[in-house]
Chemist: 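Here it is, the structure, as structure tokens.
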2 protein chains.
Amino acid sequence: MARPESEHPTELELEILKVLWDESPLPVREVRARLETEADRPLAHSSVITMLNIMHRKGFLRRRKDGKAFLFTPKVKKESVSGGMMGDLLSRVFDGSPSAMMLNLLETADIDADELAELRKLINRKAKERQS
Amino acid sequence: MARPESEHPTELELEILKVLWDESPLPVREVRARLETEADRPLAHSSVITMLNIMHRKGFLRRRKDGKAFLFTPKVKKESVSGGMMGDLLSRVFDGSPSAMMLNLLETADIDADELAELRKLINRKAKERQS
DNA sequence: GTAGAATATTTAATTCTTTAGATGATCTTA
DNA sequence: TAAGATCATCTAAAGAATTAAATATTCTAC
């Protein structure tokens with residue numbers, strides 16, 4: 001009768017993953033500090049522990065005891081999470097059409113000339129790869 | 001102490017919006033039928049009403065009485081919702097870098113030669129627009 | 001050894017999301 | 001006009017997400 005647990009990280013979970021992708025392993029205390037300074041998310045110590053444990057249960061993190069404290073490490077790669085979330089949006093919003101998604105990106109995001117050149121390069125590289 | 005209401009439609013809300021973007025206005029009964037056939041989402045009549053009313057409260061839908069039944073119409077455009085969700089992902093996952101997002105799309109999605117050509121065309125068109 | 005610091009565990013409160021039963025109102029038709 | 005169909009409202013249940021207080025444990029410094 002309720003929403004099933006998402007396979008993708010939630011808002012806060014993603015913030016925590018970002019902290020740990022940037023550097024890990026980290027103890028709770030450190031994760032808490034960085035959430036405050038880097039993500040402007042000041043949480044109580046116990047809140048952070050709760051989240052970290054939930055994420056451990058979900059399989060997003062690895063947890064290892066170091067003395068009396070736990071150290072946390074991401075178990076999922078940044079690329080795979082991004083890819084999963086992109087794929088999700090691609091299928092749910094754009095009915096699986098990459099060019100529809102791309103078009104939206106071009107229209108919505110404010111992209112300067114350098115970025116456009118960069119994008120063109122990416123496409124050319126991809127086109128070359130395909131030929132092999 | 002809890003999660004704030006999202007500015008973007010949730011999973012089920014998006015399915016309902018898709019139905020209504022495809023054709024509207026529609027009465028509850030019709031929305032229900034299409035959710036079952038098109039989205040493989042068989043819900044009780046009252047469940048659909050509840051959702052539609054929530055979405056009305058959130059400002060996603062317009063509601064108008066037709067005889068004894070209500071007719072529902074989207075109040076938000078497909079492009080604006082897609083754009084919002086893309087922008088959200090762009091900032092939250094790719095730190096606002098469109099080319100990082102694009103790269104991910106190219107790597108993850110399985111894009112054929114025609115799609116690639118299409119994407120190149122989109123970029124060229126955008127580049128031309130920028131010059132004006 | 002005792003006070004305090006640093007940890008983790010337990011518990012729970014709040015809001016959101018999803019689902020739907022029970023009930024009531026109104027219309028149609030036999 | 002009474003029964004059934006059709007629709008809305010009210011109510012609520014249960015899981016998910018977010019936050020944190022209260023409590024217990026263990027280490028450290030005096």
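Each chain gets a letter, A, B and so on, in the order its sequence line appears, and its residues count up from 1.
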Chemist: In whole angstroms, how far is the P atom of dT9(C) from the CG atom of Leu52(A)?
Modeler: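 In whole Å, dT9(C) P and Leu52(A) CG are 11 Å from each other.
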Chemist: In Å, rounded to the nearest 0.5 Å, how long is the span from CG of Leu17(B) to CG of Leu12(B)?
Modeler: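 Rounded to the nearest 0.5 Å, the CG-CG separation comes out at 10.0 Å.
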Chemist: Starting at atom CG of Leu12(A), determine the distance to atom C1' of dT15(C), rounded to an integer number of angstrom.
Modeler: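 Between C1' of dT15(C) and CG of Leu12(A): 15 Å.
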Chemist: Taking Glu11(B) first and then Arg41(B), would you say they form a salt bridge - that is, a charged N and a carboxylate O separated by under 4.0 Å?
Modeler: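 A salt bridge is present here (some side-chain N lies under 4.0 Å from a carboxylate O).
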Chemist: Looking at every strand, decide which applies to Arg32(B) at a 4.0 Å heavy-atom threshold: base, sugar-phosphate, or nothing.
Modeler: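 Result for Arg32(B) = nothing.
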Chemist: Should Ser47(A) be listed as having a side-chain N or O under 4.0 Å from OP1 or OP2 of dT19(D)?
Modeler: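 Answer no for this pair, as no side-chain N or O of Ser47(A) is under 4.0 Å from OP1 or OP2.
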Chemist: State whether Ser6(B) places a side-chain N or O below 4.0 Å from either non-bridging phosphate oxygen (OP1 or OP2) of dC16(C).
Modeler: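 No, because none of the side-chain N or O atoms of Ser6(B) sits under 4.0 Å from OP1 or OP2 of dC16(C).
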Chemist: Glu5(A) has an atom CD; how far is it from atom C1' of dT18(D), in whole Å?
Modeler: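 Roughly 14 Å, once rounded to whole Å.
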Chemist: Could you list all N or O pairs between the protein and nucleotides 5-11 of chain D that sit under 3.5 Å apart?
Modeler:
unit_1 : atom_1 : unit_2   : atom_2 : d
dT6(D) : O2     : Lys68(B) : NZ     : 2.9
dA8(D) : OP1    : Phe70(B) : N      : 2.8

Chemist: Is any side-chain heavy atom of Val93(A) closer than 4.5 Å to one of Met85(B)?
Modeler: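 When only atoms from C-beta onward are counted, Val93(A) and Met85(B) do touch, with a gap below 4.5 Å.
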Chemist: For the pair made of CG in Asp66(A) and P in dC27(D), what is the distance, rounded to whole Å?
Modeler: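 To the nearest whole Å, that distance equals 13 Å.
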Chemist: Heavy-atom distance under 4.5 Å between the side chains of Glu13(A) and Lys58(A), does that happen here?
Modeler: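 They are in contact (side-chain heavy atoms under 4.5 Å apart), so the answer is yes.
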Chemist: Hey, does the side chain of Trp21(B) reach the backbone of Val76(B) with a donor-acceptor pair shorter than 3.5 angstrom?
Modeler: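 It does hold such a pair.
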Chemist: To the nearest angstrom, how far is Glu13(A) atom CD from dT19(D) atom C1'?
Modeler: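 Value for this atom pair: 14 Å.
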Chemist: Which is true for Ile54(B) with a 4.0 Å heavy-atom rule: it touches a base, it touches only sugar-phosphate, or it touches nothing?
Modeler: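 It contacts base atoms.
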Chemist: Salt bridge or not for Glu129(B) and Arg125(B), using N-O below 4.0 Å?
Modeler: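 No, this pair does not count.
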Chemist: Quick one: are Met102(A) and Leu106(A) in side-chain contact, heavy atoms under 4.5 Å?
Modeler: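 Side-chain contact under 4.5 Å: yes.
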Chemist: To the nearest Å, give me how far apart CE (Met51(B)) and P (dC16(C)) are.
Modeler: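 Spelled out: CE on Met51(B) to P on dC16(C) is 13 Å.
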Chemist: May I have the distance from His8(B) (atom NE2) to dT17(C) (atom C1'), rounded to whole angstrom?
Modeler: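 Rounded to the whole Å, the gap is 17 Å.
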Chemist: CG of Asp40(B) versus C1' of dT18(C): gap in Å, rounded?
Modeler: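 Rounded to the whole Å, the gap is 16 Å.
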